Amino acid sequence: MNELGRLEDLPLDYRQALAAQNLVPLWPSLRAVLPPGQPRPATRATHWPYESLRPLLLKAGALTPIEKAERRVLVLANPGHGLEKMQASAAMYLGMQLLLPGEWAPAHRHTPNAVRMIVEGEGAYTTVDGQKCPMRRGDLILTPTGLWHEHGHDGDQPVVWLDVLDLPLVHYLEASYHVEGARQSVEPGQAERRYARGGLVPTPVFERSSTRYPMLRYPWADARAALLQLAEAEPGLEPVQITYVNPETGAHAQNILGFYALMLRPGQALRLPARSPAQVFHLIEGAAEVRVNDQQFALAEADTCCAPGYTAVHLANRSATAPAFVFIADETPLHQKLGVYENRG
Ligand code: GTQ
């Protein structure tokens with residue numbers, strides 16, 4: 001490949017004349033914006049052990065009252081992007097949020113999409129678009145773009161959950177903002193009962209539901225049971241994975257990020273193909289190992305890690321007797337919609 005001219009090769013007065021007109025020569029930066037063969041992701045494989053994070057999060061509970069935080073969150077920031085960018089990958093933001101008994105995180109809505117994966121504690125709930133969603137460990141709760149949401153806690157122990165947002169992308173698009181709101185009144189919801197059976201969707205005779213996000217809470221008890229059932233139905237060591245979808249459309253549950261749960265059978269090891277989207281792995285249950293290039297992370301329960309795109313990821317169950325359950329978030333819907341999705345095997 002041709003060596004391209006460098007900025008320093010150009011006379012200083014010429015560079016200054018260009019800058020004065022808001023002009024930039026492309027060739028010194030061409031290889032940086034269009035690297036040969038494959039991208040050079042800033043996203044670095046990074047592990048956030050829950051054991052190290054938890055005491056610091058609880059300390060935030062003692063240091064900063066909820067009124068001074070609105071959302072009491074420690075952001076899982078990727079050092080490859082610079083911690084101040086608060087991004088796990090190009091499009092994904094991760095935060096661990098703490099709510100203490102009796103606290104209330106007031107209603108707002110915003111353009112980025114969010115989901116919560118509940119990590120520990122009982123008695124908290126989030127109200128999304130008037131639907132009160134109880135938070136239990138492993139539940140996935142959606143807060144799609146534009147929907148009102150607030151968090152409350154009637155229990156007696158701290159509650160912690162993982163927030164996954166497409167904030168870095170929406171912020172990059174200069175489309176990120178929020179609006180404060182009043183406490184929502186709760187309306188009765190039937191979504192979990194209505195969509196309880198895969199392949200069979202309720203079809204109102206007299207009117208069509210116009211709800212864009214008909215299902216906001218995916219209870220872990222159901223997802224776990226589905227994985228175990230699939231594992232029984234699948235022969236041999238076929239990997240067992242489910243996607244969280246919109247039950248009305250069958251498409252990804254949200255527009256930009258994809259969400260999945262994967263079960264590793266006892267002793268199972270698995271190579272995930274090198275695909276363009278970056279991924280996040282959060283261990284709901286069990287003990288797993290994640291290997292990305294030359295990095296190796298032993299995940300314990302509630303640990304989170306991420307991997308850049310275009311990289312094969314090796315997953316393994318560290319237990320020979322119990323299954324491991326992994327929650328995965330990735331940028332697949334975004335890459336597919338933009339036409340840049342690639343699977344390099
Ligand atoms: O709970 O609404 O981690 O608005 C970041 C922004 C959580 C939330 C975050 C948010 C929220």
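Computed from a prediction, not measured in an experiment: that's the story for all the values here. One-based numbering, in listed order, for ligands and for the atoms of each.
Applying the ring pair (Phe, Tyr, Trp, His ring centres under 6.0 Å) rule to Tyr260 yields the partners His252; only residues at least two apart in sequence or on another chain are considered.
Look at Arg137 and Glu122 and you find no salt bridge, because none of the NZ, NE, NH1 or NH2 atoms lies under 4.0 Å from a carboxylate O.
Hydrophobic cluster membership for Trp148: Tyr177, Val179 (Ile, Leu, Val, Met, Phe, Trp, Tyr linked by side-chain heavy atoms under 4.5 Å, directly or transitively). When hydrophobic side chains of Ile, Leu, Val, Met, Phe, Trp and Tyr are connected at separations under 4.5 Å, Leu4 ends up clustered with Leu26, Leu30, Val33, Leu34.
The two residues Arg72 and Leu99 have their closest heavy-atom pair at NH1-CA, 4.3 Å.
The aromatic rings of His151 and His149 are tilted relative to each other, their planes meeting at an angle between 30° and 60°.
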Atom pairs and distances, ligand 1 N/O vs protein N/O under 3.5 Å:
unit_1	atom_1	unit_2	atom_2	d
ligand 1	1 (O)	Arg71	NE	2.9
ligand 1	1 (O)	Gln97	NE2	3.1
ligand 1	1 (O)	Arg116	NH1	3.2
ligand 1	1 (O)	His151	NE2	2.8
ligand 1	2 (O)	Arg71	NE	2.8
ligand 1	2 (O)	His108	NE2	2.9
ligand 1	2 (O)	His149	NE2	2.9
ligand 1	3 (O)	Tyr93	OH	2.8
ligand 1	3 (O)	Asp163	OD2	2.8
ligand 1	4 (O)	His108	NE2	3.0
ligand 1	4 (O)	His110	NE2	3.0

